[in-house]
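Values below: all heavy atoms of this structure, side chains included; hydrogens, waters and symmetry mates excluded. So you know, we letter chains A, B, ... as the sequences are listed, proteins then strands, and number each from 1.
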Amino acid sequence: MNVLFFGIAKDIVGSSQITFSDEFKRPNSVADLKAQLIISYPELSKLTSLAVAVNSEYAEDDVSLTVDDEIAIIPPVSGG
Amino acid sequence: MNNQRYTRQTILKGFGIEGQKKLAEAKVLVVGAGGLGVPVLTYLNAMGVGAIGIVDNDIVSLTNLHRQVLYSESDIGQSKVKAALKKLKAQNPNTEIVIFNTFLTTKNALEIIADYDIVVDASDNFPTRYLVNDSCVILKKPFVYGALHGYEGQVSVFNYKDGPTYRCLFPNMPNENEVPNCNEHGVLGIIPGIIGNLQALETIKVLTGIGDLLSGKLLIFDGLQQSYQKIKFKLQPENIKIEKLQDFYEWNDPCEIVPTIEAQEIQKLLVDKPQIIDVRTIEEFKNYHLPDSVHIPLNELKANTGKINFSLPVYLLCQSGKRSETALKQLREQHPQSSLFSILGGLNQYLALCS
């Protein structure tokens, strides 16, 4: 399971990508993923609107995740 | 219309004289004449869009020039819309250009936008982006969104024929300082050029009906990887039911002011064992906390309000005073009559003063 980070999320995590390879720690749902990421990167909790895409499709919290999923964490960006 | 001028695109299959006519009849409003607005304006003007409105109240500064390539050193200190008007007129005198030397506000947005077929959001801040979204939803106008962060950018077409809107992706406006802007974070000069040109392309496609639009799709461009990702998203029907603008889009809404208390006041109060709610993470709390403080992490606050006695004053604490502000706003919604305070500067300030 690959998780790609964009915008400020990439800056907070300090990397554009992380991989969940350990089966026991792998999140089961989008909500679970968000909760795990917030524990590892508490700064993420300050983002009001954080879009999550699973396999290039916007995903609500209840969407379940599997090992082959590619996930993108997309915060809003404001610059112009 | 001088046909010779546009011959390289009118001979193009699928565009033709018909496409050119549609552009000539179109009215496009560009909100922001900065990094994104400059390429949008330059290409829409060059390609023969009939009427263009430009909204901006900024002046040209030296730090704009590395990315806002329409402006020269001699324009520094001048109004952007006036400088842009002069350059665009020289580039293509046929376009009917109207300049609005103002920022978009709740007072002028609906009136300005109403005259146009489509809006290009080339602004540089969240309050304007949400104002553009809500105004376009109310007036049923499509808008082409573009935004930047460092080496990255996002593009989409919102509110196109009752399609998804900005709020379907990002329902609520971020708090101030949550996401840095270009002034704070920096931007590579070429990135707004790329994103703005993608916005101009989507605008031309909406106007002429060619190709597949980025409606219901968010394009994310990463300049360092030269990669484009497209994320599909759906309409959340409540988002096209907006009937009026919010009273405020600015961050400093007077109703949003959060009551605070100085950290040294807390030190004096400590002898009376005040009710201090520490909203930091478990790790931060374990690492250090004030005696007798109650730990409820911010993300669990709403589910744990039972641990708080709202008949007593509630002092909210975090590391820097930011999360405690958010916590206060959350609690105030549920308990508007209670006596809530955010400790200014948080533990950082407390420890600096009191240790």
Q. Under a 4.5 Å heavy-atom cut-off, does chain B meet the side chain of A:Pro75, its backbone, both or neither?
A. backbone
Q.
For B:Asp121, which atoms come within 4.5 Å of any heavy atom of chain A: side chain, backbone, both, or neither?
A. neither
Q) Using non-hydrogen atoms only, which part of B:Lys322 is less than 4.5 Å away from chain A: side chain, backbone, both, or neither? A) neither
Q: List the steps, then state whether ring-ring contact (aromatic ring centres under 6.0 Å, His included) holds for B:Tyr130 with B:Tyr249.
A: CA-CA 7 Å; B:Tyr130 280 85; B:Tyr249 285 82; 7.8 Å; no
Q. With only heavy atoms counted, which part of B:Asn299 is less than 4.5 Å from chain A, the side chain, the backbone, both or neither?
A. side chain
Q: Test side-chain contact (heavy atoms from CB on, under 4.5 Å) on A:Val30 and A:Leu65 and set out the steps.
A: CA-CA 7 Å; A:Val30 169; A:Leu65 300 176; 4.1 Å; yes
(Q) Contact between B:Asn64 and B:Lys80 at the side-chain level, heavy atoms closer than 4.5 Å - yes or no? (A) yes
Q.
Is B:Glu283 in contact with chain A via its backbone, its side chain, both, or neither, using a 4.5 Å heavy-atom distance?
A. side chain
**Q.** Per-residue contact mode, B:Thr326 against chain A (heavy atom under 4.5 angstrom)
**A.** neither
(Q) Regarding A:Asp32 and A:Ser29, do their side chains bring together a donor and an acceptor under 3.5 Å, going by distance alone? (A) no
Q: Report the option among B:Leu298, B:Thr128, B:Ile220 that has the most heavy-atom pairs separated by less than 4.5 Å from atoms of chain A.
A: B:Ile220
Q) Quick one: what part of A:Ile74 sits under 4.5 Å from any heavy atom of chain B, side chain, backbone, both or neither? A) both
Q | Sub-4.5 Å side-chain heavy-atom contact between B:Ile240 and B:Asn159 | A | yes
Q) Is it the backbone or the side chain of A:Asp11 that comes under 4.5 Å from a heavy atom of chain B, or both, or neither? A) side chain
Q.
Less than 4.5 Å to any heavy atom of chain A: does that hold for the side chain of B:Ile195, its backbone, both, or neither?
A. neither
Q. Is it the backbone or the side chain of B:Ile231 that comes under 4.5 Å from a heavy atom of chain A, or both, or neither?
A. both
Q: State, with a plain yes or no, whether a side-chain heavy atom of B:Cys168 is found less than 4.5 Å away from one of A:Tyr58.
A: no
Q. Are side-chain heavy atoms of B:Arg280 and B:His289 found at a separation under 4.5 Å?
A. yes
(Q) Could you tell me if B:Ser61 and B:Thr63 have a donor-acceptor pair between their side chains, going purely by distance under 3.5 Å? (A) yes
(Q) So for B:Gln236, is it side chain, backbone, both, or neither that comes closer than 4.5 Å to the heavy atoms of chain A? (A) side chain
Q | Selection from B:Ala122, B:Pro171, B:Gly146 maximising heavy-atom pairs under 4.5 Å formed with chain A | A | B:Pro171
Q: Report yes if the side chains of B:Asp56 and B:Phe103 come closer than 4.5 Å at any heavy-atom pair, otherwise no.
A: yes
